[in-house]
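The analysis underlying the following values was restricted to heavy atoms, covering all of them including side chains, and did not include hydrogens, waters or symmetry mates. All ligand and atom numbering here is 1-based and tracks the order in the structure.
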Amino acid sequence: MPSHVANINADFKGKDIMTTNQFVREDVDIVLDEADAMAEMVNAEGRSDLLDDLVVANLFYEASTRTFLSFEAAAKRLGALTIATQGVEYSSISKGETLEDTIRTVESYADTITLRHPEVGSAAAAAAVSEVPVINGGDGNGEHPTQALTDLHMIRSRLNDIYDLKVTMVGDLKNGRTVHSLARLLSLYGAEINYVSPKELAMPKSIVDEIAPLSEQYQTENLEDVIADTDVLYVTRVQKERFLPEGGLFKEIRARRAYDKLKDSYLIDKQVMKKAKEDCILAHPLPRVNEIATELDNDPRAAYFDQVKSGMYVRMGLLALINGRTITQQF
Ligand code: NCD
């Protein structure tokens, strides 16, 4: 973790949210409790004026639907104004401006900045120059801490308990940033984690080694090995955008072939879910491409649209906390 990124230590005020390594269990619990309070508030009143003196910037330089819109909705439901840019082509980055200069500009307008960017470490680079807190909304195939908090919030809402879970992650575990962040957070609660992927898309060894003291972990290419004993089946898409390196036609053809070979490695459908437990949670950070058959959308175990709801509540909670405000006492 870069030295300018601080551990949370139960105090979120003014801090950047860069990586799940900033969190211990107590910090995660604070976010989940605040998100619960936000859910209650939204259900009772729709919105609040908790942040109505603030401006929140959302800089999204990579494709996004849920993360972008949930940050927008989260800020607005708390009364903040939002300013946003989506896509490199409409920003000065396309003219050659550095990320650092962009951040120095945006911090003059906004009280917090959320950044999504295709490069690993970009959020940390932004945080290094920013006077206002920066939230990592996904940095390349690095981390996606707010999604992992979202995933845990959904699981806790369903099970009331997130200790000692048996979680199976399926798909592109190499490039999927959500699973990198989620594995780290789950390990804080003693989860056993199964990694199901083709060898080429395995969970990075650095993460496996890092959480080994806290979590039992098992790698396989075969979902059948582990599905029957799984509490949460977390499915991810093969990250096509990480397969297309720039430069050289041959490199591109090779990358496309590799993607085509791997893209349909696992399809979760009714047949597969017959082998899963009756109360297994079927999760996916979305977007799904071809990993979960739509015939499962009405299965009570399908939780991916609940995850979307959790995303807004968690981001409301985080925005409140890093601005030193909370509604947990009121709701
Ligand atoms: C994920 C992401 O962007 O990493 N989406 C999301 O934020 N909900 C997963 C993905 O794109 O596959």
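Ionic pairing of R242 and E62 is present here: one or more N-O contacts between side-chain nitrogen and carboxylate oxygen are shorter than 4.0 angstrom. We find that K277 and D231 are joined by a salt bridge, their nearest charged nitrogen and carboxylate oxygen being less than 4.0 Å apart. Under the 4.0 Å criterion applied to side-chain N and carboxylate O atoms, D172 and K263 are not assigned as salt-bridge partners. Salt-bridge check for D36 with R156: passed, with a basic side-chain N closer than 4.0 Å to an acidic carboxylate O.
Heavy atoms from other residues, nucleotides or ligands lying under 6.0 Å from CD of E131 number 12 at most. Counting heavy-atom neighbours within 6.0 Å of K275 NZ, excluding the residue itself, gives a total above 12.
The shortest N or O to N or O distance between R66 and ligand 1 is not below 3.5 Å.
The single protein non-hydrogen atom nearest to atom 4 (O) of ligand 1 is R177 NE, 2.7 Å, given as residue, atom name and distance. At the top of the distance list for atom 6 (C) of ligand 1, counting protein heavy atoms only, stands L286 O, 3.5 Å. Scanning the protein for heavy atoms near atom 11 (O) of ligand 1, the closest one is R237 NH2, 2.8 Å.
Within the 4.0 Å heavy-atom shell around ligand 1 one finds T67. The closest approach between R116 and ligand 1 falls below 4.0 Å for a heavy atom of the residue. The closest approach between a heavy atom of G138 and any atom of ligand 1 is not below 4.0 Å.
Every atom of ligand 1 with a heavy atom of H144 under 4.0 Å away is listed here by number and element: 2 (C), 4 (O), 6 (C), 7 (O). Those atoms of ligand 1 that come under 4.0 Å of a heavy atom in P287, given as number and element, are 10 (C), 11 (O). Heavy-atom proximity to Q147, at under 4.0 Å, picks out these atoms of ligand 1: 6 (C), 7 (O), 8 (N).
In this model, a donor atom of one side chain and an acceptor atom of the other lie less than 3.5 Å apart for E143 and T20.
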